Amino acid sequence: MTKRLSSVHDYENLIDKYDTWLFDCDGVLWHGDRLMDGTVDVLRFLRAKNKRVLFVTNNATKSRVSYKGKFDQLGIEAHADEIYGSAYATAVYLSSVLKIPEDKKVYVIGMKGLEEELQSEGISYLGGTDPADNTLEPFALKDFVLDTNVAAVVCGLDLKINYTKLSKAFQYLTRNPGCAFIATNSDSTFPDAHGLLPGAGSISAPLSCALNRDPISVGKPARTMLDCIRAKVHFDPASTIMVGDRLNTDIEFGKVGGLSTLLVLSGITTETDLVESSTVPDFVTQSIGDLRAAISK
């Protein structure tokens, strides 16, 4: 049963109860480049109370280093080793779970941040930001040369998605034996400062349709993301809470990992969604700024 937080006592108890706080970013801390009211105050207060703060995002367009740049720009204290994005988790999954051999490559549908994380794990790649794959020229299969060393196709959010990238990915997935189909995350949409836009799940969807198979999704709610965090940070699930704005990713992620969950209604999920969903968060409040009630006490 979900507890709706409202009183100062509610927020004080919540903060006292949990030692580790995992925050989604888009829709929780900010919308696009617009900081959510109260974000800086609440995070500063949690740190002052000696709480561990981690940021867990399905955004695969940025590496941890470049993501820290966004935190800095918005005036939020954050360290690179506190930031866990689906690009990083995907790179770790490829290197540590699939164990992609050094002589193999990954074909990327995605952006620079994903490429940077692959590089950090020593994984060779093609596609992505390569100008040859970001052309407006029609794709011609007769001119395509198959690279037999491509062992996986990775799809993340790609703001320059085109038919060439989809066609090349399809060729690798259908012609290279055992080629893995990986998605950084399955989010259908993501919140922008001015509304919703198609997410990474919408980028991999055309390939899923063409292949009649779904990719392995690494980001939330998959446990892979949590395993990636726990490999670096020790925390007790019983005293850890996941704060997010999306039921089918953030809240499910917390539940899969045995964490408590706090839903904020400042992003994707609406009151109607909450009533109709089978996913039940432990707590719900309007926004992260509500936690400031415990500060003024």
Side-chain angles (χ1 to χ4, degrees), residues 1-6 10-11 13-14 17-18 20-29 31 36 54-60 84-86 89-90 93 155-157 181-192 195-205 208-209 212-230 235-288 290-291:
M1 182 176 176
T2 300
K3 177 176 177 57
R4 289 184 175 268
L5 305 175
S6 58
D10 288 341
Y11 294 111
N13 283 347
L14 188 79
K17 185 175 182 179
Y18 298 103
T20 301
W21 291 68
L22 277 55
F23 288 93
D24 178 46
C25 297
D26 293 312
V28 177
L29 306 181
H31 276 305
M36 205 72 72
L54 300 173
F55 306 100
V56 187
T57 173
N58 269 356
N59 188 327
Y84 291 86
S86 63
T90 297
Y93 179 79
C155 290
L157 183 63
F181 183 21
I182 311 295
T184 58
N185 61 286
S186 58
D187 292 16
S188 57
T189 59
F190 73 94
D192 175 76
L196 292 180
L197 290 169
S202 300
I203 302 299
S204 61
S208 293
C209 180
N212 195 30
R213 66 185 257 221
D214 293 325
I216 297 170
S217 183
V218 176
K220 297 175 292 185
R223 192 179 180 90
T224 308
M225 180 77 94
L226 189 64
D227 290 341
C228 177
I229 299 170
R230 297 194 73 170
F235 59 87
D236 179 7
S239 61
T240 301
I241 187 166
M242 175 69 208
V243 184
D245 69 309
R246 198 171 193 133
L247 290 167
N248 64 347
T249 54
D250 303 322
I251 304 306
E252 281 295 331
F253 172 72
K255 290 186 171 298
V256 166
L259 316 179
S260 295
T261 55
L262 168 61
L263 175 72
V264 292
L265 298 172
S266 54
I268 295 291
T269 302
T270 66
E271 287 281 2
T272 300
D273 296 330
L274 183 58
V275 171
E276 296 177 349
S277 176
S278 59
T279 299
V280 181
D282 296 298
F283 306 98
V284 64
T285 194
Q286 285 299 126
S287 74
I288 185 176
D290 295 342
L291 275 69

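Everything numeric in this text was worked out from a predicted model, so none of it was measured.
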Please list every donor-acceptor pair under 3.5 Å in which a side-chain atom of residues 248-257 meets a protein atom from a residue at least two apart or in another chain.
unit_1 : atom_1 : unit_2 : atom_2 : d
Asn248 : OD1    : Arg246 : NE     : 3.4
Asp250 : OD1    : Lys220 : NZ     : 2.7
Asp250 : OD2    : Asp245 : N      : 3.0
Asp250 : OD2    : Arg246 : N      : 3.1
Glu252 : OE2    : Thr279 : OG1    : 2.5
Lys255 : NZ     : Val280 : O      : 2.7

### Task
Might you work through the side-chain contact (heavy atoms from CB on, under 4.5 Å) test for Phe190 and Thr57, ending with a clear yes or no?
CA-CA 11 Å; Phe190 73 94; Thr57 173; over 6 Å; no
### Query
Any cation-pi pair here, Arg4 with Phe283, using under 6.0 Å and within 45°?
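Output no; distance or angle outside limits.
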### Query
Could you go step by step and tell me if Leu265 and Leu263 meet the side-chain contact (heavy atoms from CB on, under 4.5 Å) rule?
CA-CA 7 Å; Leu265 298 172; Leu263 175 72; 3.8 Å; yes
### Query
Does a donor on one side chain and an acceptor on the other come within less than 3.5 Å for Ser6 and Tyr11?
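No.
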### Task
Check the side chains of Thr240 and Tyr18 for a donor-acceptor pair under 3.5 angstrom, ignoring hydrogens and angles.
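There is no such pair between these side chains.
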[atom1]-[atom2] distance between [X] and [Y], expressed to the nearest 0.5 angstrom:
{"X": "Leu196", "Y": "Ile268", "atom1": "CG", "atom2": "CD1", "value": "4.5 Å"}
{"X": "Asp24", "Y": "Leu262", "atom1": "CG", "atom2": "CG", "value": "11.5 Å"}
{"X": "Ile216", "Y": "Ser204", "atom1": "CD1", "atom2": "OG", "value": "12.5 Å"}
{"X": "Ser202", "Y": "Asp187", "atom1": "OG", "atom2": "CG", "value": "9.0 Å"}
{"X": "Leu157", "Y": "Asn58", "atom1": "CG", "atom2": "CG", "value": "11.0 Å"}
{"X": "Leu14", "Y": "Lys3", "atom1": "CG", "atom2": "NZ", "value": "10.0 Å"}

Min side-chain heavy-atom separation [X]-[Y] under 4.5 Å:
{"X": "Ser208", "Y": "Pro215", "answer": "yes"}
{"X": "Ile241", "Y": "Leu22", "answer": "no"}
{"X": "Thr285", "Y": "Asp10", "answer": "no"}
{"X": "Ile229", "Y": "Phe235", "answer": "yes"}

[X] side chain vs [Y] backbone, donor-acceptor pair below 3.5 Å:
{"X": "Thr184", "Y": "Ser86", "result": "no"}
{"X": "His31", "Y": "Gly195", "result": "no"}
{"X": "Thr2", "Y": "Pro281", "result": "yes"}

### Message
For Ala89, give me all partners under side chain to side chain contact (heavy atoms under 4.5 Å, CB included), at least two apart in sequence or on another chain.
### Response
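Val218, Met225, Cys228.
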Contacts of [X] that satisfy side chain to side chain donor-acceptor pair (under 3.5 Å) - sequence neighbours left out:
{"X": "Thr270", "result": "Asp273"}
{"X": "Ser287", "result": "none"}
{"X": "Asn13", "result": "His9"}
{"X": "Glu276", "result": "none"}

### Query
Nearest heavy-atom pair of Ser260 and Asp282: which atoms, and what distance?
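Residues Ser260 and Asp282, closest heavy atoms: CA-OD2, 3.3 Å.
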### Query
Which atom names give the shortest non-hydrogen contact between Gly27 and Met36, and what distance separates them?
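In this case the closest contact between Gly27 and Met36 is O-CE, 3.6 Å.
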### side-chain contact (heavy atoms from CB on, under 4.5 Å) evaluation trace for Val284 with Leu274
CA-CA 10 Å; Val284 64; Leu274 183 58; 4.0 Å; yes
### Query
Which class fits the ring pair Phe23 and Trp21: parallel under 30°, tilted 30 to 60°, perpendicular over 60°?
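Parallel: the ring planes of Phe23 and Trp21 meet at under 30°.
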